[in-house]
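In this chain, residues are counted from 1 in sequence order. Computed from a prediction, not measured in an experiment: that's the story for all the values here.
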Amino acid sequence: MEVAKKLEAAFLSEMLKSTGLGETPEGFGGGAGEDQFASFLREEHAKLITEAGGIGLAESLFDALTASQNE
């Protein structure tokens, strides 16, 4: 189940990236350093979302993988 949660967190991180989370504001940005660490912020947000129940992707993946192994 841990691998499925990691995959869900990676998916959510990419979704958060497309929403603009962690982008440097134009007027008062932190420069190159802020740009470098924005991905870490997105990854941590995604992990927290997943641990709080997520969107159900991890559970669906886990169920599908265990069902395919039992066939």
Side-chain angles (χ1 to χ4, degrees):
M1 183 67 166
E2 191 62 33
V3 173
K5 284 184 178 182
K6 286 181 181 180
L7 183 58
E8 180 177 4
F11 174 76
L12 286 172
S13 179
E14 286 300 314
M15 296 302 292
L16 291 172
K17 181 180 180 181
S18 68
T19 65
L21 181 71
E23 286 184 0
T24 305
E26 290 183 25
F28 296 100
E34 186 173 349
D35 288 338
Q36 291 291 323
F37 290 100
S39 63
F40 293 117
L41 175 66
R42 280 191 302 273
E43 288 173 13
E44 287 304 313
H45 275 111
K47 287 177 189 175
L48 290 172
I49 292 169
T50 302
E51 290 302 318
I55 57 173
L57 182 61
E59 187 174 331
S60 296
L61 287 170
F62 183 76
D63 291 343
L65 290 171
T66 55
S68 67
Q69 287 181 348
N70 293 333
E71 291 180 357

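- Across all their heavy atoms, Glu8 and Ile55 have their closest contact at OE2-N, 2.7 Å.
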Tabulate below the donor-acceptor pairs under 3.5 Å that side-chain atoms of residues 11-18 make, not counting sequence neighbours, or state none.
residue, atom, partner, partner atom, Å
Ser18, OG, Met15, O, 2.7

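- Here the closest non-hydrogen pair linking Ala46 and Ala9 is CB-O, 3.2 Å.
- Atom NE2 of His45 and atom CG of Leu41 lie 5.0 Å apart (nearest 0.5 Å).
- Partners of Glu44 by salt bridge (Lys or Arg N to Asp or Glu O under 4.0 Å), not counting sequence neighbours, listed by chain and number: Lys47.
- Heavy atoms of other residues, nucleotides or ligands lying less than 6.0 angstrom from CD of Glu59 number 12 at most.
- Applying the side-chain contact (heavy atoms from CB on, under 4.5 Å) test to Leu48 and every residue at least two apart in sequence or in another chain returns nothing.
- Other cluster members for Met1: Phe62, joined by side-chain heavy-atom distances under 4.5 Å among Ile, Leu, Val, Met, Phe, Trp and Tyr.
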